[in-house]
Amino acid sequence: MDTLKIIRPDDWHLHLRDNQALETTVPAAARCFGRSIIMPNLNPPVTHVEMAYQYRNRILKHRPANSDWQPLMVLYLTDNTSPNEIYAAAESGFIHGCKYYPAGATTNSDSGVTDLNKMNSVFKAMQETGMLLLMHGEVTSTDIDIFDREAVFIERHLRSIVEKYPNLKIVLEHITTQQGADFVLNHSDNVGATITPQHLLYNRNHMLVGGIRPHLFCLPVLKRDTHQQALISAATSGSHKIFLGTDSAPHTQDAKESCCGCAGCFSHHAAIELYAQVFYQADALDKLEAFASINGPDFYGLPHNKSKITLQKNSWQLPDSISYEGSQLIPLGAGSSLNWELIG
């Protein structure tokens, strides 16, 4: 097989940032995707319907003229989110989920939820309205090792949430562990998960052996190779509960290569090609369309995209850097070669 044509994919987890960053991130998103779930962890975070409406308008100003790509907006949950805000979000028509960040877990998450017990009325409203709960599934307790945060979150919180709200649709975002994959695959159809290209292509050895590689540092952090293999197995399994979510998150080179480098990998320069590399290496290209283009819309209750994209088997080299906010960023896989290329 030298050519692969699939339904246009969607990205169910994306950080566009704001203002000048949109000049880079929005055209990159529109490059191959039909829709993208837009993360709300701006500063200040997108906590209300009107804020999401204004953010969406800023995003659309940078959409390429020949593109019909759509940003799907998300509200940021805090300890003070009210059920009324959930009802308003559900009525808006342009908000497709609410994001749970544990306070302090990742970039701009300081306003996140400090106690999940405070979310009962909000989760009830979400279950009632069909609003999806998108979860950064980690604990942030200082006594928990950073590599164990996801597994502990599942045992400490997620199991009880799923039992308490059986009709609430939950996306466990950017799963990174065997425990995460097993939980999603073995629970009801109301539980799904996204997987990033970095967690499929790399493990913590790639980030740490032979010196620290800051451009592979992301949160949740890369895990050991056995977890990486579990994620590859889940992504290529054909399960309708697993779908594409890049978690593409741009940072300038100097912000990553500092004494306290920030977390995040930018992958939208070659997102579908990076995933194709994984599926090609796993001899599972026949499963790529479902993962990238079908499972996500089905889980969100949205139609499949009508257009298609074409990938061609061809060795090509990723750029070493990309212009960003008057500076540059180092993209995921910078300088390496891929076997599949988007041609239309």
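Side chains are part of it too, since the values below use all heavy atoms of this structure and drop only hydrogens, waters and symmetry mates. All of these numbers come straight from a predicted model, not from anything done at the bench.
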Do D11 and H268 have side-chain N/O donor and acceptor atoms under 3.5 Å apart? yes
Side chains of R56 and Q70: do they bring a donor and an acceptor to under 3.5 Å? yes
Are the side chain of T81 and the backbone N or O of T78 linked by a donor-acceptor pair below 3.5 Å? yes
Of all residues at least two apart in sequence or in a different chain, which pass the side-chain hydrogen bond (donor to acceptor under 3.5 Å, both in side chains) check with E257? H215, Q253
Kindly indicate, with the supporting measurements, whether the criterion side-chain contact (heavy atoms from CB on, under 4.5 Å) is fulfilled by I86 and E128. CA-CA 10 Å; I86 303 303; E128 178 186 336; over 6 Å; no
Could you tell me whether the side chains of K223 and T176 share a donor-acceptor contact shorter than 3.5 Å? yes
Hey, are Q312 and D2 close enough side-chain-wise for a donor-acceptor pair under 3.5 Å? no
Check whether any side-chain heavy atom of L133 sits under 4.5 Å from a side-chain heavy atom of L77, and report yes or no. yes
State the OG-CE distance between S36 and M73, to the nearest 0.5 angstrom. 11.0 Å
Cluster question for you: counting only ILVMFWY and a side-chain heavy-atom cut-off of under 4.5 Å, with indirect links fine, are L342 and L338 together? yes
Ring-plane angle category for F94 and Y53, please: parallel below 30°, perpendicular beyond 60°, tilted otherwise. tilted
Assign the ring pair F183 / H187 to parallel, tilted or perpendicular, where the plane angle (0 to 90°) is split at 30° and 60°. parallel
Please indicate whether N186 has more than 12 foreign heavy atoms, meaning atoms of other residues, nucleotides or ligands, lying under 6.0 Å from its CG. yes
Classify the ring geometry of W12 against Y300: parallel below 30°, tilted from 30° to 60°, perpendicular beyond 60°. parallel
Please work out whether the ring planes of H15 and H13 are parallel, tilted or perpendicular, with thresholds of 30° and 60°. tilted
Give me each pair satisfying salt bridge (Lys or Arg N to Asp or Glu O under 4.0 Å) with a member in residues 32-51, each pair once, sequence neighbours excluded. D10-R35
Could you tell me whether E173 and K99 have a side-chain N and a carboxylate O separated by less than 4.0 Å? yes
Tell me, yes or no, whether the heavy-atom count around R224 atom CZ, taken from other residues, nucleotides or ligands under 6.0 Å, exceeds 12. no
Would a line drawn from the ring center of H136 to the ring center of H174 be shorter than 6.0 Å? yes
Indicate if Y100 and V49 have the same hydrophobic cluster label, given that clusters are the connected sets of ILVMFWY residues with side-chain heavy-atom separations under 4.5 angstrom. yes
How about H251 and L329: do any of their side-chain heavy atoms sit closer than 4.5 Å? no
Within the supplied structure, the quantity of interest is the number of heavy atoms (other residues, nucleotides, ligands) at a distance under 6.0 Å from K118 NZ; does it exceed 12? yes
More than 12 heavy atoms from other groups under 6.0 Å of CG on L60: yes
Check whether more than 12 heavy atoms from other residues, nucleotides or ligands sit under 6.0 Å from atom CG of D68, and answer yes or no. no
Within the structure provided, determine whether Y275 and I195 are in side-chain contact (heavy-atom separation under 4.5 Å). no
Are side-chain heavy atoms of Y165 and N190 found at a separation under 4.5 Å? no
Side-chain heavy atoms nearer than 4.5 Å, only ILVMFWY residues, links allowed to pass through others: does that put I242 and F33 together? yes
Taking R159 first and then E155, would you say they form a salt bridge - that is, a charged N and a carboxylate O separated by under 4.0 Å? yes
Do L274 and L318 have side chains that approach each other closer than 4.5 Å (heavy atoms only, starting at C-beta)? yes
Among M207, E138, E150, which residue meets the side-chain contact (heavy atoms from CB on, under 4.5 Å) test with V221? M207
Got a sec: does the NZ of K124 have more than 12 other heavy atoms crowding it under 6.0 Å? no
Taking the six-membered ring of F279 as reference, does the NZ or CZ atom of K287 fall below 6.0 Å from its centre and within a 45° cone about the axis? no
T252 and D254: side chain donor to acceptor below 3.5 Å: yes
